[in-house]
Amino acid sequence: MVEPPSPDVAAPQPAGGAGRLAGDEGVPPQRYSGALAAEIEARWQARWLADGTFVVAAEPDPAREKFFLMDMFPYPSGSGLHVGHPLGYIATDVYGRFLRMQGRAVLHTLGYDAFGLPAEQYAIQTGTHPRVTTEANVERYRAQIARLGLAHDPTRSVSTTDEAFYRWTQWIFLQIYNSWYDQRAGRARPVADLVAAYESGELPTPDGRPWADLDRAGRAAAVDARRLAYRATVPVNWCPGLGTVLANEEVTAEGRSERGNFPVFRRELTQWMMRITAFADRLLDDLDRLDWPASVKTMQRNWIGRSEGAAVRFPLHAPDGGADGAAVEVFTTRPDTLFGATYMVLAPEHPLVDALVPPAWPAADLPASWTAGAPDPRGAVEAYRRAAAALGERDRTAEGRTKTGVFTGGWATNPVTGEAVPVFVADYVLAGYGTGAIMAVPAHDQRDFDFARAFDLPIRAVIAPGDGRDPTDTAAWPDAWTGDGTVVGSAGPSLALDGLGVEEAKRAVVAWLEGQGLGRGTVTYKLRDWLFSRQRYWGEPFPIVFDDDGIAHDLPESMLPVLLPEVDDYRPVAADPDDGASDPEPPLAKARDWVEVTLDLGDGPRRYRRETNTMPQWAGSCWYELRYLDPDDDRRFVDPTLEAYWMGPRTPDDTGGVDLYVGGVEHAVLHLLYSRFWHKVLHDLGHVSSSEPFRRLFNQGYIQAYAYTDRRGVYVPAEEVVERDGGYWYGDEPVTRSYGKMGKSLRNSVSPDEMCDRYGADTLRLYEMSMGPLDVSRPWETRAVVGSLRFLQRVWRNLLDEETGAPTVTDTTPDPATEQLLHATIDAVRTEMGGLRFNTAIAKLIELNNHLTSLPAVPREVAEPLVLMLAPFAPHAAEELWRRLGHPSSLAFEPFPVADAAKVAAATVTMVVQVNGKPRDRIEVDPAISESAAVELALASDRVRAALGGGEPKKVVAKPPRVVNVVA
RNA sequence: GGGCGCGUGGUGGAAUCGGCAGACACGGCGGCCUCAAAAGCCGUUGAUCGGAAGAUCGUGCGGGUUCGAGCCCCGCCGCGCCCACCA
């Protein structure tokens, strides 16, 4: 499908005629207007490109201090950019230009995260190859972004879908695949070292047999058991209707697919995983070394979810009533409450459930809630498991849901009390966390309390509540006591805890458990290993093949990239939507000629089957920052010299990494955790000198917008809504306002192109930077954009003749007030820009310019620094002014103005005189005024004397030269 | 439920250290220019009272610390974001 040529492309205005439109006779020809801006911007953009102004030299320049500046790269969607998207890009550009003018070597570019679902869905609907759609979208994004005049190095822009890029994504996958985590060394190492450790007996094989006794498959399994990328059978959200597994985020509360509304099943499937959990402690600890927003660090800490506690073994009673040596291990953060454990719960999927269910109920008089009315325990457990499997993770974990569960018929022994406790299965215990089994302490855990009340289980208090409730009468308790307190009722034959505090009791129980061999202190994480395969077409193929025995083989580097094959149909092989037992078959499985290959992997040509899953969209974004450094290298993913220069640690404590990474907070966890993980593996293997990818992170806010709906709830064009009589109106119809995202479907979207057409890119840039602090979200207001245009117009008019375009600056010396204001402005602008507070920097520039408006003519000595300070925000207009002021070369590398410290301070300052803290007078004083002189002046003030009403001051506090406060 | 953050004019926001609350901008109002409109320019714009000079009030609410609080402390109320049966 070919787009027709756009009919509304305006012919470029000739330079002299800019602004001379029909009906525009009164407007001076060289007034800074949207039309003139368009001409200036096109010209300077062409020149920067032709001159390679922002191309960064391939070789590091050791003489210049470097700065690696990055934005989170976009997914190029089909709907193009709205004005909210480039907020961060403009901010990094402003900052990069500011640094460049201070002599820094700035590396700044922008790539595309171009694998992903929308292009694939579009392909399924239309048959258009995702590559075609993706490339068209990337081109559109490039064109839209180019209009903003960003000082990117155009030679370094990469797309994750480029074969030359994903070749290295596959290569890095193989690095991870061929690594294992050596807990003793605390780092990733090549699997060759693992084999050596197995051979020498230094490490035991998973099943304990000597390496020499293992056959080919046994050895492969032993290595696979420790690889950082491995295949495992894990519970996933399987949606047969879509033919793919889904992330939890893609499943609705009703347990159906967000797209298509098909049923989703919890299903054990064999998938690729990445062993990110091995790095949990390092990912946690290194957060302390990063200059990141505290909120993002907190989110990552919570996501990793480290918690300290104890593993405790509860011996099981054999189904026939005798002891058989089996035990269930539980994880608890409250070992101090062990005496209060009155029952146990296993997750429905727990592997010991089957072993523990007896053929018949152990007693005839069990409560109906325990047996669910089933004739025998096996039937009850099976029915419960089926019901649990039909629920999605979301349903299952919704808090406040009534506790459900069923008695297994089995019993275990509380190791401290020696009492028999019943074992239940219930879905409030999650198979994937801890050991998938808990000891239930209903008195001191709200979930256990709820369950105990529902199933009539004993509630035994072992911590004396601090709120006066009676520990011997838990029947009267409204809820569990989860707070601190003194241990009670916890005295057994070999362990007594009564009277201890919670922390002391924890230590005592852990020590006792370890002494008895019944448990140990341990650490558990919420973080799970990363599900790394998808049944999709538009993603990186795995560089893996399987032999006839089903053993995986990695492909040698010489066979990379494994290119995506052409297929006729991008759809996964969909099954009956209600058939949760079917297996997914990825779209690549249909490319038979591609799947079945004959390769020589070292032992002669053999038949292999290719892996047909693809990598998730996160893969490319896990390492793209490194490729920016060395985008054309076809021998390695990045030259180590370049990595060391741009990202290497600067001090022994420094992690290294990108100097500033700007993007939205929505990536606080997944992208930023996955890329940290990959980077650490690459670091451990010696490929990169930095131990973290992003040294400093900044989250920009979002530009949001109002949307309006009519009575029927239909969105109306926001641009045409007016506010009147305290309400909002679309024509004669009242409409309802809501606030949120910008979007085509909400009819409130404003594109950067239309702003560039009306006002120019410089005005748009300036407006976006002046709206407020960069890290705060705020509403877009098109009508306010004109303020930024007016500012540029006034600067232009202060420096140039609006009729001729010739400079009007003089070579006279500025008056003292102007000179002082200039230097104070330079000083403030430097400080504000250094802190990314662009809104206040712009306000200072406006104040300076407003002052210049009052002068008969502007001295060049003031005009030039103003233009240079404006350059990061409005680079095209600044370049043009700079040229017209007589400078032939670009100002991109002109030194940013430096304030003369002697001229920053004003000759006099306003001293406020307060009476009882209320300002009563203002006196101009010498900035170096003494305390006694300040007090004298203050007390001499008529206004102060009037406020005192003739009385004598009790006390005078003077902080010269700012304030004197007289206490009456 | 837990964690984090935020409440300032009609609007977006400013106030770096506890020291002139409201910088800068939008919008509004008045004026200039214009046949007229748009654009542009000048003035004005927290509220109340006042002709004015000026006075009083004012940073979500209530208290506290301080010579002095938008800022610090305590308790509420409201909003936003993240996590959420994680043992």
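Convention: sequence-line order gives letters A, B, ...; per-chain numbering from 1.
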Between B/C26, B/G40, B/A87, spot the one nearest the side chain of A/Glu781, thanks.
B/C26

Geometric class of the A/Phe424/A/Phe455 ring pair [parallel <30°, tilted 30-60°, perpendicular >60°]:
perpendicular

For atom P, what is the distance between B/A52 and B/A37, given to the nearest Å?
30 Å

Sugar-phosphate only, base, or nothing, as touched by A/Ala843 at under 4.0 Å among non-hydrogen atoms:
base

Please tell me which of A/Val776 and A/Glu802 maps to the more 5' nucleotide of RNA chain B, matching each residue to the nucleotide holding its nearest heavy atom.
A/Val776

Touch check for A/Ser307, heavy atoms < 4.0 angstrom, all strands: base, sugar-phosphate only, or nothing?
sugar-phosphate

When the P atoms of B/U56 and B/G12 are considered, how many whole Å apart are they?
30 Å

Residue A/Thr853, side-chain atoms from C-beta onward, closest of B/G40, B/A87, B/C42:
B/C42

Separation between the P atoms of B/A87 and B/G80, rounded to whole Å:
28 Å

Could you give the distance separating B/C83 and B/G10 at their P atoms, to the nearest angstrom?
36 Å

So A/Lys954, base contact, sugar-phosphate only, or nothing? Heavy-atom distance under 4.0 Å.
nothing

With syn defined as a glycosidic torsion within 90 degrees of 0 and anti otherwise, which applies to B/G46?
anti

Taking the ring of A/Trp780 and the ring of A/Tyr767, is the distance between their centroids below 6.0 Å?
yes

On the 0 to 90° scale, with breaks at 30° and 60°, tag the A/Phe331-A/Tyr433 ring pair as parallel, tilted or perpendicular.
perpendicular

For B/G7 and B/U59, measure between their C1' atoms and round to the nearest Å.
9 Å

note: A/Arg778, atom CZ; B/A25, atom C1'; distance rounded to Å ~ 13 Å

Mind checking whether A/Phe451 and A/Tyr428 have parallel, tilted or perpendicular rings, split at 30° and 60°?
tilted

For atom C1', what is the distance between B/G19 and B/A84, given to the nearest Å?
45 Å

Could you walk me through whether A/Thr840 and A/Glu832 pass the side chain to side chain donor-acceptor pair (under 3.5 Å) test, one step at a time?
CA-CA 7 Å; A/Thr840 49; A/Glu832 298 305 286; 2.4 Å; yes

B/G40 OP1/OP2 closer than 4.0 Å to side-chain N/O of A/Arg797
no

Among the nucleotides B/A55, B/C41, B/C67, which one has an atom lying closest to any side-chain atom of A/Val967?
B/C67

Spacing of the P atoms in B/G54 and B/U44 (rounded, Å)
16 Å

Would A/Arg301 and A/Asp288 pass as an ion pair if we require N to O under 4.0 Å?
yes

Categorize A/Arg943 for me: base, sugar-phosphate, or nothing, with a 4.0 angstrom heavy-atom threshold over every strand shown.
sugar-phosphate

Using whole Å, report how far CG of A/Asn916 lies from P of B/C57.
12 Å

Using atom types as modelled and distance alone, determine if a side-chain donor or acceptor of A/Thr853 lies under 3.5 Å from a backbone N or O of A/Asn849.
yes

Is it true that a side-chain atom of A/Thr831 and a backbone atom of A/Asp827 form a donor plus acceptor pair closer than 3.5 Å?
yes

Starting at CD of A/Glu768, measure out to CD1 of A/Ile703 and round the result to the nearest 0.5 Å.
4.0 Å

B/C82 glycosidic torsion: syn (within 90° of 0) vs anti
anti

Which base sits across from B/G9 as a Watson-Crick or G-U pair, both distances under 3.5 Å?
none

Any sub-3.5 Å donor-acceptor pair from A/Gln300's side-chain atoms to A/Ala668's backbone N or O?
yes

Side-chain N or O of A/Arg790 closer than 4.0 Å to phosphate OP1/OP2 of B/G27:
yes

Just to be sure I understand the rule, does A/Thr524 reach a base, reach only the sugar-phosphate, or reach nothing, if contact means heavy atoms closer than 4.0 Å?
nothing

Does B/C4 have OP1 or OP2 under 4.0 Å away from a side-chain N or O of A/Asn302?
no

If pairing requires Watson-Crick or G-U wobble contacts with both distances under 3.5 Å, which nucleotide is the partner of B/G75?
B/C61

Quick one: look up who B/G54 pairs with, Watson-Crick or G-U, both distances under 3.5 Å, and put none if it's unpaired.
B/C49

Could you give the CG-to-P distance, from A/Leu852 to B/C41, as a whole number of Å?
15 Å

Judged by each residue's nearest nucleotide on RNA chain B, which is more toward the 5′ side, A/Ile846 or A/Asp445?
A/Ile846

Just N and O in the side chain of A/Arg794: are any of them under 4.0 Å from OP1 or OP2 of B/A25?
yes

Any-strand Watson-Crick or G-U partner of B/G1, both distances under 3.5 Å:
B/C83

Which nucleotide, in any strand shown, forms a Watson-Crick or G-U wobble pair with B/C67, with both distances under 3.5 Å?
B/G19

Would you kindly give the CZ-to-C1' distance between A/Phe451 and B/A87, to the nearest whole Å?
14 Å

At less than 4.0 Å, is any side-chain N or O atom of A/Lys918 found next to OP1 or OP2 of B/A55? Yes or no.
no

Over how many whole Å does the gap from A/Ile304 atom CD1 to B/G3 atom C1' extend?
16 Å

Separation of B/C81 P from A/Met299 CE (nearest whole Å):
12 Å

Across the strands shown, which category fits A/Lys526 at heavy-atom distances under 4.0 angstrom: base, sugar-phosphate, nothing?
base

For B/G30, the nucleotide meeting Watson-Crick or G-U wobble distances (both under 3.5 Å) is B/C42

Write down the distance between CZ (A/Phe838) and C1' (B/A25), rounded to a whole number of angstrom.
18 Å

Base, backbone or nothing for each nucleotide of nucleotides 14-22 of chain B, written B, S, -, heavy atoms under 4.0 angstrom, 5' to 3'?
S-B--BBS-

Pair A/Asp942 + A/Arg945: basic N to acidic O under 4.0 Å:
yes

Identify whether any heavy atom of A/Arg301 sits under 4.0 Å from a base atom; if not, whether one sits that close to sugar-phosphate; answer base, sugar-phosphate or nothing.
nothing

Polar side-chain atom of A/Gln446 near backbone of A/Ala480 as donor-acceptor pair, under 3.5 Å
yes

May I ask you to say what A/Asn850 touches in the nucleic acid, namely base, sugar-phosphate or nothing, with a heavy-atom cut-off under 4.0 Å?
sugar-phosphate

Rounding to an integer number of angstrom, what distance separates B/A69 and B/C32 when you compare their P atoms?
46 Å

Please give the nucleotide sitting opposite B/A37 as a Watson-Crick or G-U wobble pair, both distances under 3.5 Å, or none.
none

Look at all strands and tell whether A/Thr782 reaches a base, only sugar-phosphate, or nothing, counting heavy atoms closer than 4.0 Å.
nothing

Euclidean distance, atom CG of residue A/Asp479 to atom P of B/G2 [Å, nearest integer]
12 Å

